[in-house]
There are 2 protein chains.
Amino acid sequence: MEANDEVSVEPPSLSSYRFARGGRGNAVADTTRALREAILDGVLAPNEWLREESVREVLGVSRTPVREALNRLEEEGLIHRTPGQGARVTTLTIEDMLVVYNVRGSLESLTARMAAENAPRPEKIALETLHRAMAVAADRGDPVEFSRINIGFHAALTAMADNAYLDRLLSTVETAIRRFGTRSFSAERMAHIVLEHEAIVSAVIDADGARAAQAALDHAEFARTSTLDRFLARTATLNQLLALPRTREKHP
Amino acid sequence: MEANDEVSVEPPSLSSYRFARGGRGNAVADTTRALREAILDGVLAPNEWLREESVREVLGVSRTPVREALNRLEEEGLIHRTPGQGARVTTLTIEDMLVVYNVRGSLESLTARMAAENAPRPEKIALETLHRAMAVAADRGDPVEFSRINIGFHAALTAMADNAYLDRLLSTVETAIRRFGTRSFSAERMAHIVLEHEAIVSAVIDADGARAAQAALDHAEFARTSTLDRFLARTATLNQLLALPRTREKHP
DNA sequence: CGTACACTAATTGCATGCAACGTGCACACA
DNA sequence: TGTGTGCACGTTGCATGCAATTAGTGTACG
C-alpha cells in the first residue's frame, strides 16, 4: 500500500495487497489473507495462474509460506493446483453456488439450534441487543452500518454455539459465499432480514432449538434464492441447465 | 524411538504407518494419510503431542511435508496447533459428533439430488448394480463385503453428483466421521441400510431430485441416531454432560 | 504438410539450515 | 519460603538450494 507513490490508475494488482512483515510468526496467515482477499475482490481472475515465485516476489515472503497459503486456499476451494504445475483460481459453476448455499443453510441451522439450547442467557441478551441495533440501521436505511452489525450478529451466534468444528467449517463456507458477489442491501431486503433475524432471536431466547433451526434455515434459503435468482437473471441461458430445486429440507 | 526400527511387536506405534518413498511427488499426501490413519485407528491418542521432528524421523521424510500434512489435518479437525508450540490430537465432544453427522446428512442429501438430476443413465444403472450386490451381501450376512461395496456405493453417488466442491467437503467430513468408531454392521442394520439405499437408487433412476434428497437425508439420519445412541449407551456418564447446561471448556 | 522426438526453460517438490520464540529450570534475592 | 531473573534447550517459522518433472519449442522425418 505504501510503496505506490503513483496512485493507481493502473489495473489493480496483487501488489496492493502487500502487508508489513513484523518479525516472525505471521507470514503464512498474512499471505493467505492477502491472496484470499485478492481473489474475492476479483483482482485475481478465475483461471489466472498463480506462480509461487511471482507471488513470493510481490508479497515479499519466501516460497515456503506461499506454498502453505496456496494449500489452504485450495482447501477452501478458491484455487486448484495441478500436480506438476502451479495453481489457478477456480471458476465457479452454478452448481457450486447451489451447494455452497445449501451447506451454509444447514450449518447455520445447526448453529442456531446449538446457540438456543446451550448458550448462557447474558449472551442471548447481547444477541438481541445487536438485533435491535440492526433494526435501527435498517429503519435509517443505512446499508453500511447494517452490514457491519450483520457480520457481528452472525459471529455472535456462531460463538454462542461454541463448537470449534462447526466454526471452522462455517468460516470456510463463508469465504466461498463471498465469491458470488457482494450482496447489496436494498431497503426491502434489510426489512426482510430483520424479520428473519427476529424469528431467530426469539427462538434462541426461548431456548427453542427446533424453532431456531427452522428460522435460520428459512433465513439462509431466502439469501440463497435471492442471490441465485439475481445470478440467473444475469446469465439467462443457464436457466435451462438447472431445473431449480426449491425443496424444503427438514432438520430434526 | 530409534530402538524399534525394524518390527513393532511393541504397542502399535506410528512407525507401522511408514510408507515407501518412490521418487518425488507424494510426500505430503503419504504423510497426511499415514498420520490420519494413525489418528483414526487410535494409535495416536487424543491430546498426544505431535512433534514435527519426531514425525519426520519416524516417517522418513523431511520436515517440510510433515508441516504441510499437519496443516491439512488441522483443517480436517483432527489435530490442533498451538502457535509457538506443536500440534496435539483433538478430543471429541458429543456436540462435535452431532454437528459432523448433521453436516454429512446435508451434504449427502445434496449429492443424491444432483446425482438424480444430472448423472447420465449408464452411471445410474451401475449404481443399481452396486446396490444389488450390497443386498446380496446383506442376505449372505457378510459385513465385510457389505462394507466394501457400501464405500463404493457412496463413492459412485459422489462421482455422479460431479461437483468438486461438494466432493472435497464430503470427504473431509467423512474422515471426521471415522473418528467415532467403526460402525459394525449387524444383520438388522444391513437390512435397514439396503432398504434406505433402495429408496435412494429408485429416486435417482427416476431422476426425482427431491425424492432422492429426502431419501439420502433419511439414510444419514438413521446412521446418526443409531451411532449416537450406541455412543450414549456405552458412555453413560456423557448423558449427564449432554443434559448439563454447558461446559465452557474449549478443546485443549 | 503433419507428426514424432529431443531439448530447453520454467516451475514445482522436497531437503536442509538458521534464527526467533517459548518454556522450564536453576539460582539469587527478598 | 516465595518470587524474580537469566540462561539453556527444545521447537517451530521461515529462507534457500537442488533435483525432478512438466510444458513449450524447434527440428527432423515420414
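Note on naming: letters A, B, ... go to the chains in the order of the sequence lines (proteins, then strands), and numbering restarts at 1 for each one.
Per the geometry, CD belonging to A:Glu52 stands 14 Å off C1' belonging to D:dG17, to the nearest Å. In this entry the distance linking CD of A:Glu68 with C1' of D:dC14 reads 9 Å, nearest Å. Atom CD1 in B:Ile79 sits about 13 Å away from atom C1' in D:dT12, given to the nearest Å. If you measure from atom CZ of A:Arg81 to atom P of C:dT11, you get 14 Å, rounded to the nearest angstrom. Whole-Å rounding puts the A:Asn71 CG to C:dT12 P distance at 12 Å. For the pair B:Leu50 CG and D:dT11 C1', the computed distance is 14 Å after rounding to whole Å. Following rounding to the nearest Å, B:Glu53 (CD) and D:dC9 (P) show an atom-to-atom distance of 17 Å. Atoms CH2 (A:Trp49) and C1' (D:dT22) sit 11 Å apart, rounded to a whole Å.
In this structure, A:Ala69 and A:Thr31 approach most closely via the heavy-atom pair CB-CG2, 3.7 Å. Residues B:Arg56 and B:Val61 share a closest heavy-atom pair of CG-O, 2.6 Å. Of all non-hydrogen atoms in A:Thr91 and A:Asn47, the two that sit nearest each other are CG2-OD1, 3.7 Å. Residue A:Val103 comes nearest to B:Ser106 through the heavy atom pair CA-OG, 4.5 Å, listed as atom of the first residue, atom of the second, then distance. Residue A:Ser109 comes nearest to A:Ala216 through the heavy atom pair CA-CB, 3.8 Å, listed as atom of the first residue, atom of the second, then distance.
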Could you go through nucleotides 6-8 of chain D and list every protein N or O atom that sits under 3.5 Å from one of its N or O atoms, giving the distance for each pair?
none

Give me, pair by pair, the N or O atoms of the protein and of nucleotides 19-25 of chain C that are less than 3.5 Å apart, along with how far apart they are.
from   : atom 1 : to      : atom 2 : distance (Å)
C:dA20 : N3     : A:Arg24 : NH1    : 3.2

When the side chains of residues 155-167 of chain B are checked against the rest of the protein, which donor-acceptor pairs come out under 3.5 Å, sequence neighbours left out?
from     : atom 1 : to       : atom 2 : distance (Å)
B:Thr158 : OG1    : B:His154 : O      : 2.8
B:Asn163 : OD1    : B:Tyr165 : N      : 3.0
B:Asn163 : OD1    : B:Leu166 : N      : 2.9
B:Asn163 : ND2    : A:Asp96  : OD1    : 3.0

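Near DNA chain D, meaning a heavy atom under 4.0 Å from it, residues 56-66 of chain A has A:Val61, A:Ser62, A:Arg63, A:Thr64, A:Pro65 in order of number.
In this structure, B:Arg51 does not reach the D:dG10 phosphate: none of its side-chain N or O atoms is under 4.0 Å from OP1 or OP2.
Taking A:Glu57 as the reference, nothing meets the salt bridge (Lys or Arg N to Asp or Glu O under 4.0 Å) condition, with sequence neighbours excluded. A:Asp30 meets the side chain to side chain donor-acceptor pair (under 3.5 Å) test with A:Arg33; sequence neighbours excluded.
Using a cutoff of 4.0 Å between basic side-chain nitrogens and carboxylate oxygens, A:Arg72 and A:Glu75 are not scored as salt-bridged. Look at A:Arg179 and A:Glu76 and you find no salt bridge, because none of the NZ, NE, NH1 or NH2 atoms lies under 4.0 Å from a carboxylate O.
For A:Glu95 and B:Asn118, the side-chain atoms include at least one donor-acceptor pair closer than 3.5 Å.
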